[in-house]
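Source: prediction; values computed, not measured.
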Amino acid sequence: MGLLRIMMPPKLQLLAVLTFGVAMLFLENQIQKLEDSRGKLERAIARHEVREIEQRHSMDGSRQEISLDDDEDILIIYNRVPKTASTSFTNIAYDLCAKNKYHVLHINTTKNNPVMSLQDQMRFVKNVSSWREMKPGFYHGHISYLDFAKFGVKKKPIYINVIRDPIERLVSYYYFLRFGDDYRPGLRRRKQGDKKTFDECVAAGGSDCAPEKLWLQIPFFCGHSSECWNVGSRWALDQAKYNLINEYFLVGVTEELEDFIMLLEAALPRFFRGATELYRSGKKSHLRKTTEKKAPSKETTAKLQQSDIWKMENEFYEFALEQFQFVRAHAVREKDGELYILAQNFFYEKIYPKSN
């Protein structure tokens, strides 16, 4: 290539470079179009499948329903918060679904909007509750908490989630929008081309790194009420805490993801049997890492921590972490630096009346 460059006249060299650059831009554009087309096709197929299910239920409405076994009539909803290792965890569910015989479905909302319209809330609750062919089912998507009881559903789904240190989550999301990750490296991201570091963004008072961008984990747990999305709302924080304790089966933290998976396998083996070994073994091809990520400086971190929004999001994170560690402490024991799930620690006695 070097010899060819020497032999070529300067004008031809420039023309070759320009041609190569145009070709690369064309290829990137075609790749993006293919990704968009694939997404549209997936959504169209999903809508078609839902319509078929709804028609089938309306035709069979007069027939007597055969109850599913308790082990089969289970729904898990993972309303995943962005950049909390959610793709890494979800890929474990995909890897296990065939072996453990359950279904995994992605809830793909337009423009990743976490708030559904009222009519979509009703459609979603109705669809997943009555979609017998997809039970047991594991649903995941970037949506805020939705109370099924509000829509007259008797059997609620099992909610799980993972949250992350709020500043680390924002930093990861900032660089993800600019450089993507190793999951789909060829996909062009929204802020691609912006080389400004997170430190430089904070120093310049940029909108992508403003304290308001920290407000995400609280509203995801708070739900679909308008006050949940009012940045800095104390009511939203209290509601998020209430839902975490009362409506979620288990909430883990990104920093201790393996322990979260271990607890799920122990408590919900119908879905997660083999998950811990899968996470630990091999090259962990299911893990996803943001590229070009640079840790913020102490000065940047200190500046963000002055914000009342960070204080509230961090309070929620610490609350979730304390709850998770409490659950873990009562579920495992440590031996030689390794954690082991405790065996059953209760039994029944004094059973009356006595059987003959």
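- Residues Lys135 and Ile74 are not in side-chain contact: their nearest non-hydrogen atoms beyond the backbone lie 4.5 Å or more apart.
- In this structure, Ile76 and Phe272 have side chains that are in contact, with non-hydrogen atoms separated by less than 4.5 Å.
- Using a 4.5 Å heavy-atom threshold, the side chains of Asp147 and Lys156 count as touching.
- Side chain of Ser144 to backbone of Pro114: a donor-acceptor contact under 3.5 angstrom is found.
- Contact between Val104 and Cys97 at its shortest, heavy atoms only, is CG2-CB, 3.7 Å.
- Relative orientation of the Tyr248 and Tyr145 rings is tilted, given thresholds of 30° and 60° on the angle between their planes.
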Side-chain atoms of residues 321-335: list all donor-acceptor pairs with protein atoms under 3.5 Å, sequence neighbours left out, distances to 0.1 Å.
residue	atom	partner	partner atom	Å
Arg328	NH1	Glu256	OE1	2.5
Arg328	NH1	Asp259	OD2	2.7
Arg328	NH2	Glu256	OE1	3.3
His330	ND1	Phe326	O	2.9

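- Looking at every heavy atom in both residues, Ala85 comes nearest to Leu257 through CB-CD2, 4.0 Å.
- Between Ser129 and Val125 the shortest heavy-atom distance is OG-O, 2.7 Å.
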Exercise for the section: Would you please test Glu313 and Leu170 for side chain to side chain contact (heavy atoms under 4.5 Å, CB included) and show each step? Expected result: CA-CA 11 Å; Glu313 277 280 347; Leu170 180 58; over 6 Å; no

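- Formation of a donor-acceptor pair under 3.5 Å by the Asn230 side chain with backbone atoms of Ser233 is not found in this model.
- Annotation for Phe151: atom CZ counts as buried by contact number, over 12 foreign heavy atoms lying within 6.0 Å.
- The pair Glu72-Arg270 meets the salt-bridge criterion, since a charged nitrogen lies less than 4.0 angstrom from a carboxylate oxygen.
- Clustering ILVMFWY residues whenever any of their side-chain heavy atoms sit less than 4.5 angstrom apart, transitively, puts Tyr340 in a cluster other than the one holding Leu268.
- In this structure, Ser225 contributes its side chain and Glu227 its backbone to no donor-acceptor pair below 3.5 Å.
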Practice task
Please report the C-alpha distance between Ile160 and Phe138 in whole Å, then the side-chain angles of each, then the deciding distance to 0.1 Å, and finally whether the side chain to side chain contact (heavy atoms under 4.5 Å, CB included) criterion is met.
Solution key: CA-CA 10 Å; Ile160 62 173; Phe138 179 99; 4.1 Å; yes

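- Checked by atom type and distance alone, the side chain of Asp336 never pairs as donor or acceptor with a backbone atom of Glu338 at under 3.5 Å.
- We find the NE2-CE distance between His224 and Met116 to be 6.0 Å, quoted to the nearest 0.5 Å.
- For the pair Asn246 (side chain) and Tyr242 (backbone), a donor-acceptor distance under 3.5 Å is present.
- For Tyr317, the side chain to side chain donor-acceptor pair (under 3.5 Å) criterion is met by Glu255, not counting sequence neighbours.
- Rounding to the nearest 0.5 angstrom, the gap separating the CD1 atom in Ile167 from the SG atom in Cys209 is 11.5 Å.
- Ring centers of Phe346 and Tyr348: under 6.0 Å apart, within the cut-off.
- In this structure, the side chains of Tyr174 and Lys196 come closer than 4.5 Å at one or more pairs of heavy atoms.
- A salt bridge is defined here as a Lys NZ or Arg NE, NH1 or NH2 lying under 4.0 Å from an Asp or Glu carboxylate O, and Arg234 with Glu315 meets this definition.
- Using a 4.0 Å cut-off between charged side-chain N and carboxylate O, Asp120 and Arg123 make a salt bridge.
- One distance of note links CG of Leu250 with CD1 of Ile261; it measures 11.0 Å at 0.5 Å rounding.
- The two residues Thr301 and Pro296 have their closest heavy-atom pair at OG1-CG, 3.8 Å.
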Taking only distance into account, with no hydrogens and no angle test, what donor-acceptor pairs under 3.5 Å do side-chain atoms of residues 213-222 form with protein atoms, sequence neighbours excluded?
residue	atom	partner	partner atom	Å
Trp215	NE1	Cys228	O	3.3
Gln217	OE1	Arg164	N	2.8
Gln217	NE2	Arg164	O	3.0

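- When side chains are defined from C-beta on, Phe198 counts as touching Leu304, because their heavy atoms get closer than 4.5 Å.
- Under the 3.5 Å distance criterion, the side-chain polar atoms of Asn112 are left unmatched by any main-chain donor or acceptor of His142.
- With Tyr352 as the aromatic partner, Lys354 meets the cation-pi criteria of under 6.0 angstrom to the ring centre and within 45 degrees of the ring axis.
- The two atoms that bring Ala275 and Ile92 nearest to each other are CB-CG2, 4.0 Å, heavy atoms only.
- Residues His140 and Tyr94 bring their aromatic ring centres within 6.0 Å.
- Between Tyr159 and Phe148, the two ring planes are perpendicular [angle over 60°; tilted spans 30° to 60°].
- Contact detail for Lys83 and Ser172: the closest heavy-atom pair is CE-OG, 3.2 Å.
- No side-chain heavy atom of Leu264 sits less than 4.5 Å from a side-chain heavy atom of Thr276.
- Under the 4.5 Å side-chain heavy-atom criterion for ILVMFWY residues, a single connected hydrophobic cluster contains both Phe271 and Ile341.
- A heavy-atom distance below 4.5 Å is found between the side chains of Tyr78 and Asn161.
- In this pair, Phe124 and Tyr139 present their aromatic rings perpendicular. The plane angle is above 60°, beyond the 30 to 60° band.
- In the hydrophobic clustering of ILVMFWY residues, with side-chain heavy atoms under 4.5 Å counting as a link, Trp235 and Val231 come out apart.
- Separating the OG1 atom in Thr197 from the NZ atom in Lys195 is a distance of 12.5 Å, to the nearest 0.5 Å.
- Rounded to the nearest 0.5 Å, atoms CD (Glu247) and CD (Gln239) are 8.5 Å apart.
- Interatomic distance, Asp165 CG to Glu318 CD, rounded to the nearest 0.5 Å: 8.0 Å.
- Under the 4.5 Å side-chain criterion, counting only non-hydrogen atoms from C-beta, Leu96 is in contact with Tyr102.
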